[in-house]
Amino acid sequence: MTTGRPLDPEELTAIDVHTHAEVSARGNASLSAELDTASEAYFKVEGKRKPTLPEMAAYYRERNMAAVVFTVDAEHATGTPPVPNEEVAEAAAANPDVLIPFASIDPFRGKAGIRQARRLVEEYGVRGFKFHPSIQGFYPDDRMAYGLYEVIEETGTVALFHTGQTGIGAGVPGGGGIRLKYSNPMRVDDVAVDFPHLKIILAHPSFPWQDEALAVATHKPGVHIDLSGWSPKYFPPQLVQYANSLLQDKVLFGSDYPVLTPDRWLADFEKLPIKDSVRPKILKDNAARLLGLTS
């Protein structure tokens with residue numbers, strides 16, 4: 001079932017800025033079976049691992065939350081086609097009260113990828129783009145990706161970068177070919193300098209580079225941090241400290257659903273010593289502002 005109602009931040013309890021479309025309507029997965037199985041073991045996944053996009057919409061509607069949803073296009077490195085960006089955007093258009101569409105474009109697609117990015121914004125209404133440097137096999141400050149950043153900055157959309165260790169490939173011989181070095185958040189610092197009006201999210205507590213992420217987000221006005229991919233009970237103390245103080249307007253709730261559910265994340269977040277005045281900022285207000293959902 002879909003609804004025609006537009007998203008209303010005032011009616012929501014939270015906005016989850018980090019969820020994955022892991023299977024297309026045709027049943028094609030965005031990861032190889034080997035990487036998929038390893039990820040499932042790493043995250044100790046509970047419940048249905050690969051919900052469809054309509055199932056995701058229903059899941060978040062039940063919880064009175066909205067969710068940013070995206071695929072990961074790493075076809076150059078993995079050989080596996082992503083869930084189509086158009087499919088994600090169309091699902092969001094059919095469920096505008098709960099799904100917020102992001103896209104993902106492999107930087108190795110070159111000029112074709114740049115054209116696709118602009119078309120996805122102008123014709124499909126995507127609000128941001130997900131990059132996973134470790135899986136895609138590129139440094140964020142590689143000039144190869146700068147044409148994509150130009151489009152993202154020009155259109156006022158968001159660039160979301162995976163940072164830190166990844167559960168994808170964990171435990172597979174050689175990590176499944178995935179190199180962690182690409183996701184040091186300090187490599188995003190040059191991007192924030194060269195594109196001063198680009199809205200950036202550093203995804204996840206950035207182990208083992210948490211201090212680097214905090215430094216970049218503190219120094220660069222356009223850089224934010226999402227808290228996805230980890231249970232809050234494992235957050236390093238400095239992340240909690242900065243979220244409570246200097247970065248209280250730049251930290252965002254994200255779960256990493258379906259590998260980590262918002263239910264589990266929120267239950268553990270409730271136990272953190274976060275100020276009452278800061279909690280609503282992290283759970284909803286900062287995201288609503290960053291995504292242009294509030295006037």
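One is the number of the first residue; the rest follow in order along the sequence. These numbers were taken from a predicted model, which means no experiment stands behind them.
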Checklist entry - Taking C-beta and beyond as the side chain, do Leu293 and Leu7 meet within less than 4.5 Å on heavy atoms? => result yes
Checklist entry - Quick one: are Val158 and Arg127 in side-chain contact, heavy atoms under 4.5 Å? => result no
Next on the checklist: So, applying side chain to side chain contact (heavy atoms under 4.5 Å, CB included) with Val17, which one of Asp226, Ile100, Leu290 is it?
Outcome noted: Asp226
Checklist outcome for this item: Distance col, row Ile282:CD1 vs Asp249:CG, nearest 0.5 angstrom, shows 10.0 Å
Checklist entry - To the nearest 0.5 Å, how far apart are NZ in Lys199 and CG in Leu160? => result 12.5 Å
Item to check | Within one Ile-Leu-Val-Met-Phe-Trp-Tyr cluster: Tyr182 and Tyr149, side-chain cutoff 4.5 Å | outcome: no
Checklist entry - Can you tell me if CZ on Arg179 sees more than 12 non-hydrogen neighbours from other groups inside 6.0 Å? => result no
Checklist entry - Given Val88 and Val126, is the side-chain contact (heavy atoms from CB on, under 4.5 Å) satisfied, shown in steps? => result CA-CA 9 Å; Val88 175; Val126 305; over 6 Å; no
Item to check | Sidechain-backbone polar pair: Lys130 side chain, Phe102 backbone, donor-acceptor under 3.5 Å | outcome: no
Next on the checklist: Hydrophobic cluster membership, with links at side-chain heavy-atom distances under 4.5 Å among I/L/V/M/F/W/Y: are Phe269 and Val240 in one?
Outcome noted: yes
Item to check | Side chains of Glu90 and Pro101 in contact at under 4.5 Å (non-hydrogen atoms) | outcome: no
Next on the checklist: Between Val72 and His162, is there a side-chain heavy-atom distance shorter than 4.5 Å?
Outcome noted: no
Item to check | Distance-minimising heavy-atom pair for Val251 and Asn286 | outcome: O-ND2, 3.0 Å
Next on the checklist: Is there a side-chain contact between Asp194 and Arg143 in this structure, where contact means two heavy atoms from C-beta onward sitting under 4.5 Å apart?
Outcome noted: yes
Next on the checklist: Show the nearest heavy-atom pair for residues Leu202 and Pro185, with the distance to one decimal.
Outcome noted: CD1-CB, 4.1 Å
Checklist entry - Yes or no on side-chain contact (heavy atoms from CB on, under 4.5 Å) for Leu180 and Thr166, after CA distance, side-chain angles and deciding distance? => result CA-CA 7 Å; Leu180 302 181; Thr166 178; 4.0 Å; yes
Checklist entry - With a cut-off of 6.0 Å (strictly less than), are more than 12 heavy atoms of other residues, nucleotides or ligands near CZ of Phe235? => result yes
Checklist entry - Going by the angle between their ring planes, with limits at 30° and 60°, are Phe161 and Phe131 parallel, tilted or perpendicular? => result parallel
Next on the checklist: Quick check for you: to the nearest 0.5 Å, what is the distance between Phe129 atom CZ and Leu120 atom CG?
Outcome noted: 5.5 Å
Item to check | Side-chain touch Asn95/Met56, heavy atoms, less than 4.5 angstrom | outcome: no
Next on the checklist: Quick one, Tyr139 with Lys181, criterion side-chain contact (heavy atoms from CB on, under 4.5 Å). Give me CA distance, side-chain angles, the key distance, then yes/no.
Outcome noted: CA-CA 8 Å; Tyr139 287 112; Lys181 65 181 182 179; 3.1 Å; yes
Checklist outcome for this item: Interatomic distance, CG@Leu283 vs OG1@Thr13, rounded to 0.5 Å, equals 8.0 Å
Next on the checklist: Testing the 3.5 Å rule here: is there a donor-acceptor pair between the side chains of Tyr257 and Asp16?
Outcome noted: no
Item to check | Lys50 side chain reached by Pro258 side chain, heavy atoms, under 4.5 Å | outcome: no
Checklist entry - Given the rule in the side-chain contact (heavy atoms from CB on, under 4.5 Å) test, do Gln136 and Phe108 qualify, once you have shown the distances and angles that lead to the verdict? => result CA-CA 8 Å; Gln136 291 171 321; Phe108 286 92; 5.6 Å; no
Checklist entry - Among the clusters formed by ILVMFWY side chains lying less than 4.5 Å apart, do Trp209 and Trp230 turn up in the same one? => result no
Item to check | Between NE2 on residue His18 and CG on residue Leu260, distance to nearest 0.5 Å | outcome: 10.5 Å
Next on the checklist: Would you say that more than 12 heavy atoms from the other residues, nucleotides or ligands in this model lie under 6.0 Å from the OH of Tyr59, or not?
Outcome noted: yes
Item to check | Heavy-atom closest pair, residues Leu148 and Ile105 | outcome: CD1-O, 4.0 Å
Item to check | Hydrophobic cluster membership, Ile200 vs Val193, 4.5 Å side-chain cutoff | outcome: no
Checklist entry - Glu22 and side chain to side chain contact (heavy atoms under 4.5 Å, CB included): which partner among Thr52, Val259, Val83, Thr71? => result Val259
Item to check | Shortest non-hydrogen separation from Asp256 to Ser228 and the atoms involved | outcome: N-CB, 3.8 Å
Checklist entry - Is Asn244 reaching over with its side chain to a backbone N or O of Pro273, donor-acceptor style, under 3.5 angstrom? => result yes
Item to check | Close side-chain approach of Phe195 and Ile152, heavy atoms under 4.5 Å | outcome: no
Checklist entry - Could you state the interatomic distance from CG (Leu198) to CD (Glu150), rounded to the nearest 0.5 Å? => result 11.0 Å
Next on the checklist: Side-chain heavy atoms nearer than 4.5 Å, only ILVMFWY residues, links allowed to pass through others: does that put Tyr146 and Val216 together?
Outcome noted: yes
Checklist outcome for this item: When every non-hydrogen atom of Thr163 is compared with those of Ser206, the smallest separation belongs to OG1-OG, 2.6 Å
Item to check | Lys220 (side chain) donor-acceptor with Asp189 (main chain) under 3.5 angstrom | outcome: no
Checklist outcome for this item: Of all heavy-atom pairs linking Pro221 and His219, the shortest is CD-O, 3.6 Å
Checklist entry - Is the backbone N or O of Asp106 less than 3.5 Å from a side-chain atom of Asp73, with the two atoms forming a donor-acceptor pair by type? => result yes
Checklist entry - Quick one: do the Asp211 and Gln238 side chains pair a donor with an acceptor below 3.5 Å? => result yes
Checklist entry - Is the side chain of Gln210 donor-acceptor paired with the backbone N or O of Pro205 at a distance under 3.5 Å, no angle test? => result no
